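These notes concern the structure reproduced below.
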Amino acid sequence: MCGIVGYIGKKQAGPILLDGLSRLEYRGYDSAGIAVRGKRGVEVVKSKGRLALLVEKTDGGKSLDGTVGIGHTRWATHGVPNETNAHPHCSADKNVTVVHNGILENYRELRQKLAANGYKFYSETDTEVIVNLIDYYYKKYKAGPVDAIARFMQRARGAYAIAVMFRKYAGAIYVARKDSPMIVGVAEGEAYVASDVPAILKHTRTVYYIDNLEMACLTRKGVSFYNADREPIDKEAVTVEMDASAADKEEWQHFMIKEIHEQPRAVRNTFDRYVQDGKVDFSEAELTEEDLRCKHIVITACGSAYHVGIVLQYVIERIARVPVRVELASEFRYRDFLFEPDTLVVAISQSGETADTLAAVREAKAHGVKTLAVVNVQGSSIAREADRTVFTVAGPEIAVATTKAYSAQLVVGYLLALELARVHGAVDGTEYTRLLSEVASVPDKIAAILSDISSYQRFAAEHVNMHDVFMIGRGIDYAACMEGSLKLKEVSYVHTEAYAAGELKHGTISLIEKGTVVIGILTQSGVYEKTASNLEEVKSRGASVVGITFEGHALGSEIASACWTVPVIDERFAASLLVVPLQLVSYYMSVQLGLDVDKPRNLAKSVTVE
Ligand code: F6R
């Protein structure tokens, strides 16, 4: 949440900052601002709303003179989205200028302390407290920027990534972080800072990952790093291999539809990375047979990644016969969880920065429980803190609503289920090979669904006025409903609920009335007829029913006004196919309604606050 960029070099900073922010806009887009240091000192320009307004206001950044600057795109936490609350923030005398991502939890107490020392505040933000606290320490101890920032870090509670400019240090940008992402990039005679790699990829591939409670000073001559005790530390640069075009929209209208269509590749690349010679090989992740011999699995994650966990609970228990619990990371971290002996905690996260999932990993580690992360972003906090990390190979995901990362996470989970089954003796060699070839068929089957999208477009066009949708199914079908329902809600703002089909009549069926849309998923053989009966029940109460099932199993027109089919696959892997029609319906519904598909209201990708 919130995107930060910074540049110091010989080129004009404004256009570079705005270009970087445009690649981080998925992190927050309710306001934006840049501060550039020129001959006249620091000049700050901000605007409420999308970045395009700031681009217009600054003539693409060219109206600001100077070769050093910092920028920010905001997802509001403290204070409404307006120009005053937008970053960068400056101390009253412009001694210190800051952009910040994260939440300063003890900002009220610190604000009082500063007010008692004569500081006045113009905004409602916690960031202004950071600016003034750094200014206060800088002036009180007169020991320079690193000392002032280190003192701020000692007092701050919460998460932050900050980039700071000091009036007296014209040739430097200082940065620090705790629990919010931040990377530093270097090139000849210049240095960059950003919340995420795509923001600087067109300038450099040489990056440093700043660890928690570390600081850095960026100058044109290079970057120095410090620990929280203000001591210089050495860091190794990493060469990023990410494909720069992956973060471009190319000919597609939106990132979401591009990423939906990238799913076959994301799944295939992930599969190929961990399957060699007909066997799953997690040795790259240092996942050992001993790890896999665990007796219990706890999957923890948020949002769509949590829905992956729900699917995997069914898949792992059915294939490997190892008991699985799935916990929302935001609940898990505070519930004083009772860990069974021999538990493996699996944390799933696209960004690798989700605050609650990161906290869940720490909670498990604090109890001496082994952690395995399934993460898409190299160098991210969860990837670095978990004991083992398996990377999904989905490439950068820019649309706020996840699609290809979800699909890649499922595949890692299937491979994990197979490995657990092998180690626990739950499958023989023949069944292992058969199941693996079923997983290998997922990319082509997703591609087959994507080759004809007309029914989903038509459905969206015909239902543009619908306002309540229920998605029902049992087992893995229900898990797929959960993800489909979230997708529709977040990009089209249509109210939907995913319901376990058998649970509907315990209350919620009272909401069904003439015309209510009910999408029923029926791929699980043991419960197909039961879900079909539940659809009959809602149909007889006036619902308009749509079915999703395997080819050859379509519901008759006496129950469903439409029935979408997906290619046949081992039913335990059905979620990978079922989610695709639901993603497409959500996307086309959003387009029909003229909404901002890639940046839905109130949302941001990478939720780094709790
Ligand atoms: C929904 C969506 C979110 C994320 C959730 C976790 O489309 O993208 O629900 O799945 O915020 O994010 P990660 O996977 O980055 O931990």
Side-chain angles (χ1 to χ4, degrees), residues 1-3 26-28 75 159 179-181 195-196 254-257 259-260 263 266 270 299-312 326-333 346-361 371 373-386 389-392 394-410 412-413 479-480 482-493 496 498 579-580 582-587 589-590 595-610:
M1 310 199 128
C2 298
Y26 64 89
R27 299 182 69 87
W75 186 88
D179 294 344
S180 287
S195 303
D196 203 353
H254 299 103
F255 277 110
M256 183 175 175
I257 190 70
E259 290 165 3
I260 287 174
Q263 289 181 108
T270 305
I299 301 180
T300 185
C302 302
S304 295
Y306 170 76
H307 298 156
V308 170
I310 303 279
V311 175
L312 296 181
V326 193
E327 297 287 327
L328 287 165
S330 53
E331 292 292 313
F332 175 82
R333 62 183 293 188
V346 181
I348 306 176
S349 173
Q350 187 283 128
S351 61
E353 298 294 349
T354 300
D356 287 321
T357 313
L358 178 60
V361 168
T371 52
V374 179
V375 169
N376 196 42
V377 179
Q378 303 270 344
S380 57
S381 303
I382 295 173
R384 282 183 294 154
E385 292 198 23
T389 302
V390 175
F391 287 101
T392 45
E397 193 178 61
I398 309 295
V400 164
T402 184
T403 52
K404 61 176 180 171
Y406 171 90
S407 291
Q409 288 162 354
L410 277 182
V412 167
M482 292 172 91
E483 176 57 8
S485 167
L486 179 62
K487 245 12 15 133
L488 189 59
K489 274 185 225 157
E490 65 184 328
V491 299
S492 74
Y493 315 154
T496 72
V579 74
V580 181
L582 297 172
Q583 294 168 342
L584 289 165
V585 163
S586 307
Y587 171 77
M589 188 63 79
S590 181
L595 301 173
D596 192 342
V597 182
D598 288 337
K599 301 187 202 80
R601 69 182 177 207
N602 304 338
L603 292 176
K605 208 165 179 74
S606 187
V607 183
T608 51
V609 296
E610 13 178 334

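Below, each value reflects all heavy atoms present in this structure, side chains not excepted, and no hydrogens, waters or symmetry copies. For ligands, and for the atoms within them, numbers begin at 1 and follow the listed sequence. Just so you know, these numbers come straight off a predicted model, no measurement behind them.
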min-distance protein heavy atom vs atom 5 (C) of ligand 1 -> C302 O, 3.6 Å
| message | Would L488 and L582 count as a side chain to side chain contact (heavy atoms under 4.5 Å, CB included) here? Give the steps. | response | CA-CA 8 Å; L488 189 59; L582 297 172; over 6 Å; no
In ligand 1, the atoms that come under 4.0 Å of a heavy atom of E490 are 1 (C), 7 (O)
* To do: Report yes or no: does a heavy atom of V400 sit under 4.0 Å from some atom of ligand 1?
  => yes
So for K487 against ligand 1, with non-hydrogen atoms under 4.0 Å, the contacting part is side chain
So, regarding Q409 and ligand 1 (criterion: nitrogen or oxygen to nitrogen or oxygen, under 3.5 Å), is there a contact or not? no
Worksheet item: So, E483 versus S304: side-chain donor-acceptor pair below 3.5 Å or not?
Response: yes
min-distance protein heavy atom vs atom 14 (O) of ligand 1 -> Q350 N, 2.6 Å
Interatomic distance, NZ@K599 vs CZ@R27, rounded to 0.5 Å, equals 14.5 Å
Closest to atom 13 (P) of ligand 1 among protein heavy atoms sits T354 OG1, 3.2 Å
Rounding to 0.5 Å, atoms CG (D598) and CD (E259) come to a distance of 7.0 Å
The protein heavy atom nearest to atom 11 (O) of ligand 1 is V607 CG2, 4.0 Å
Test item: L410 and V579 side chains (from C-beta on) under 4.5 Å apart, heavy atoms = no
In this structure, atom 3 (C) of ligand 1 is nearest to the protein heavy atom S304 N, 4.0 Å
Give the intermediate values and the outcome of side chain to side chain contact (heavy atoms under 4.5 Å, CB included) for residues E353 and V377.
CA-CA 9 Å; E353 298 294 349; V377 179; 6.0 Å; no
For atom 15 (O) of ligand 1, the closest protein heavy atom turns out to be S351 OG, 2.6 Å
| query | Are side-chain heavy atoms of M482 and Y306 found at a separation under 4.5 Å? | reply | yes
If we number the atoms of ligand 1 from 1 as shown, the ones under 4.0 Å from a heavy atom of A305 are 10 (O), 14 (O)
Checklist line | Q350-T402 side chain donor-acceptor pair, cut-off 3.5 Å | finding: no
Atoms of ligand 1 under 4.0 Å from any heavy atom of S349, numbered from 1 in the order shown, are 13 (P), 14 (O), 15 (O), 16 (O)
